[in-house]
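A short write-up of the structure that comes next.
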2 protein chains.
Amino acid sequence: MMTRQMAEGAARAAGRPRSEKAEKSIIEATLELIGEGVAVSELSIEGIASRAGVGKTTIYRRWSNKEDLVVDALTTLKPPIPPLEGDSVRDDLIAYLTVIREESRHTHTRCIMNIAMSDSERHPRLAARFDELAIQPRRAVMAEVLRRGIERGELRPDLDVEMAMAILTGAMLWHTKWSHRAADLRDDLAERIVDEALRGFRPR
Amino acid sequence: MMTRQMAEGAARAAGRPRSEKAEKSIIEATLELIGEGVAVSELSIEGIASRAGVGKTTIYRRWSNKEDLVVDALTTLKPPIPPLEGDSVRDDLIAYLTVIREESRHTHTRCIMNIAMSDSERHPRLAARFDELAIQPRRAVMAEVLRRGIERGELRPDLDVEMAMAILTGAMLWHTKWSHRAADLRDDLAERIVDEALRGFRPR
DNA sequence: TCGATACGCAACCGTCGCGTTTCATAATGC
DNA sequence: GCATTATGAAACGCGACGGTTGCGTATCGA
């Protein structure tokens with residue numbers, strides 16, 4: 001991994017090997033802090049070290065700067081992509097949006113998203129990583145659902161898949177971010193979004 | 001203004017009055033820095049003072065902390081809401097989304113939005129202010145357009161206005177934030193979003 | 001056993017921002 | 001003129017953090 005500090009391949013293990021546990025707890029602490037709403041610029045190596053029960057040295061030995069560490073930390077995020085094999089496009093989309101909604105309920109996810117969005121200007125590498133790990137896989141899943149729907153004849157053959165994804169995902173994000181009336185966040189939100197959107201997506 | 005440091009009403013002007021110019025340049029500098037992508041947590045009074053050509057004292061005399069200052073700065077934002085009196089819902093919506101799109105092209109707007117979104121967890125007052133000044137007026141305009149459309153019979157009478165707004169605005173935000181293919185950001189983006197969305201919004 | 005490397009910890013220096021104070025100066029009312 | 005208040009500039013002590021170094025210890029291969 002480019003961002004890592006040497007001691008990966010060659011190097012010959014001559015002395016005490018690096019503690020796998022230390023590394024894990026460092027990354028864990030980093031993700032925890034991020035999950036608690038600490039912005040990248042506010043993350044301090046000292047804070048991470050103390051949270052991880054680790055010396056600063058141990059961190060600097062592995063990563064030469066904060067951004068490298070955060071990039072590696074994000075890498076460990078394995079977003080669970082739900083398998084969508086329902087009977088209909090409607091079922092799959094509702095299941096998908098429900099997952100998105102549940103995720104964005106948790107502060108952890110929200111903070112990570114915030115970082116991805118707000119620090120994207122100043123930390124393009126972070127943004128790229130986040131996109132690669134979190135956004136793209138979901139896009140792929142959703143695109144596949146929509147394509148299947150087109151094949152099955154549930155959706156218009158000329159449907160712009162990208163546009164459809166933007167409408168569905170955008171509507172959900174908008175609601176979870178800016179909704180002001182509790183009524184808009186009812187449990188059937190995903191269902192209502194999908195039903196409204198599908199009106200225009202189905203063949204006429 | 002609650003957040004302001006006294007010397008507003010009573011107090012009797014006994015000595016040298018506070019410089020109106022200094023106050024303006026402080027707020028201006030604050031907005032400039034925010035516009036350049038500096039997060040609230042990274043904003044420093046010193047930085048603002050030096051940018052504004054002002055002593056720190058002058059700032060502390062007026063605001064007791066950073067957040068108060070930023071709140072006041074945001075207050076001066078007067079988002080221009082375009083008058084939407086087109087011939088059709090389609091025209092109005094396209095005009096509206098085009099404005100949103102143009103705004104989000106400019107780094108200034110993007111950064112302010114970033115702050116509003118990412119700092120909303122830690123600075124609820126900021127988020128509330130931003131919502132009041134930037135979000136709500138736009139929501140109102142768009143809701144009015146949609147309601148007019150319903151009255152005119154251009155839109156389904158049972159259309160959920162909130163949902164429609166979420167779909168339209170969400171789709172545009174999603175595109176401008178996460179779009180990866182240049183093709184998705186073509187000049188006719190607003191038009192394409194509106195046309196796709198309206199398919200489901202019109203009476204059948 | 002020995003050399004090498006990693007470990008946690010503490011100390012270190014340099015930088016930066018905060019919030020305060022002091023200073024000479026400028027603008028106002030009496 | 002005189003008292004009063006504001007101004008920009010500079011400096012203060014303080015704490016947080018970065019990044020480095022040394023210490024004593026732990027864990028590896030040879």
Side-chain angles (χ1 to χ4, degrees), chain A residues 3-30 33-34 36-73 122-123, chain B residues 3-30 32-34 36-70 72 119 122-123:
Chain A
T3 72
R4 218 48 148 294
Q5 213 103 314
M6 53 162 153
E8 200 79 5
R12 281 297 56 78
R16 173 176 175 176
R18 291 193 180 164
S19 159
E20 200 56 49
K21 205 176 81 182
E23 187 144 340
K24 247 188 75 175
S25 63
I26 291 170
I27 288 190
E28 209 165 288
T30 306
L33 287 170
I34 290 178
E36 287 167 16
V38 181
V40 173
S41 58
E42 294 167 333
L43 274 182
S44 75
I45 300 288
E46 301 210 343
I48 295 173
S50 97
R51 163 86 59 132
V54 146
K56 282 197 288 180
T57 334
T58 307
I59 296 183
Y60 281 113
R61 202 174 283 120
R62 293 172 160 76
W63 298 277
S64 52
N65 62 62
K66 214 168 30 178
E67 185 166 334
D68 284 351
L69 168 56
V70 175
V71 166
D72 271 11
R122 233 158 331 158
H123 301 285
Chain B
T3 71
R4 215 53 143 292
Q5 214 103 315
M6 52 162 148
E8 200 82 6
R12 281 297 59 77
R16 173 176 177 174
R18 289 191 181 168
S19 159
E20 200 56 51
K21 207 176 78 181
E23 187 145 338
K24 247 187 77 173
S25 62
I26 291 171
I27 288 191
E28 209 167 289
T30 306
E32 273 180 34
L33 287 170
I34 291 178
E36 288 168 14
V38 181
V40 172
S41 57
E42 295 167 333
L43 272 183
S44 74
I45 301 286
E46 305 213 342
I48 295 173
S50 98
R51 162 85 59 133
V54 146
K56 282 197 292 177
T57 333
T58 307
I59 296 184
Y60 281 112
R61 200 173 285 120
R62 292 171 160 76
W63 297 277
S64 52
N65 62 61
K66 215 169 28 179
E67 185 165 333
D68 282 351
L69 169 55
V70 175
D72 270 13
D119 289 342
R122 234 157 332 159
H123 302 285

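Chain A is the first sequence line, chain B the second, and so forth, proteins listed ahead of strands; every chain is numbered from 1.
Looking at the side chain of B:Glu46, the nearest of the listed nucleotides C:dG17, C:dT28, D:dT27 is C:dG17.
A close approach under 4.0 Å does not occur between any side-chain nitrogen or oxygen of A:Ser19 and OP1 or OP2 of C:dA6. Taking side-chain N and O atoms only, B:Arg61 has no distance below 4.0 Å to OP1 or OP2 of C:dT20. Close to D:dA6, at under 4.0 Å from its OP1 or OP2, lies a side-chain N or O of B:Arg18. A sub-4.0 Å separation between OP1 or OP2 of D:dT7 and a side-chain N or O of B:Thr57 is absent.
Going from atom CZ of A:Arg51 over to atom P of D:dC17 covers 13 Å, rounded to whole Å. Atom OH of B:Tyr60 and atom P of C:dG17 are 11 Å apart (whole Å). The nearest whole Å value for the distance from the CD atom in B:Glu42 to the P atom in D:dA16 is 19 Å. Atom CD1 in A:Ile59 sits about 13 Å away from atom P in D:dC17, given to the nearest Å. C:dC18 atom P lies 6 Å from atom CD1 of B:Ile45, rounded to whole Å. In this structure, A:Lys21 places its NZ atom 12 Å from C1' of C:dG8, rounding to the nearest Å. Regarding B:Glu20, its CD atom lies at a distance of 16 Å from the P atom of C:dA27, rounded to whole Å. What separates CZ of B:Arg62 from C1' of D:dT5 is a distance of 12 Å, to the nearest Å.
Using a 4.5 Å cut-off on side-chain heavy atoms (C-beta onward), A:Thr58 and A:Arg61 make contact.
Between the B:Lys66 side chain and the B:Val40 main chain, a donor and an acceptor come within less than 3.5 Å of each other.
One finds the OG1 atom of B:Thr30 at 4.0 Å from the CG atom of B:Leu69 (value rounded to the nearest 0.5 Å). Interatomic distance, CG of B:Leu43 versus CD1 of B:Ile48, reported as 5.0 Å (0.5 Å rounding).
Contact annotation: side chain of B:Arg16 to base of D:dA6, donor-acceptor pair present below 3.5 Å. Judged by distance alone, with hydrogens and angles left aside, A:Lys56 brings no side-chain donor or acceptor close enough to the base of C:dG8 to form a pair under 3.5 Å.
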Might you work through the side chain to side chain contact (heavy atoms under 4.5 Å, CB included) test for B:Leu33 and B:Glu36, ending with a clear yes or no? CA-CA 5 Å; B:Leu33 287 170; B:Glu36 288 168 14; 4.1 Å; yes
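Among the heavy atoms of the strands, none lies under 4.0 Å from B:Ile48. The residue A:Gly53 sits close only to the backbone: its heavy atoms come under 4.0 Å of sugar-phosphate atoms, none of a base.
The residue among B:Lys66 and A:Val54 whose nearest nucleotide of DNA chain C lies closer to the 5′ end is A:Val54.
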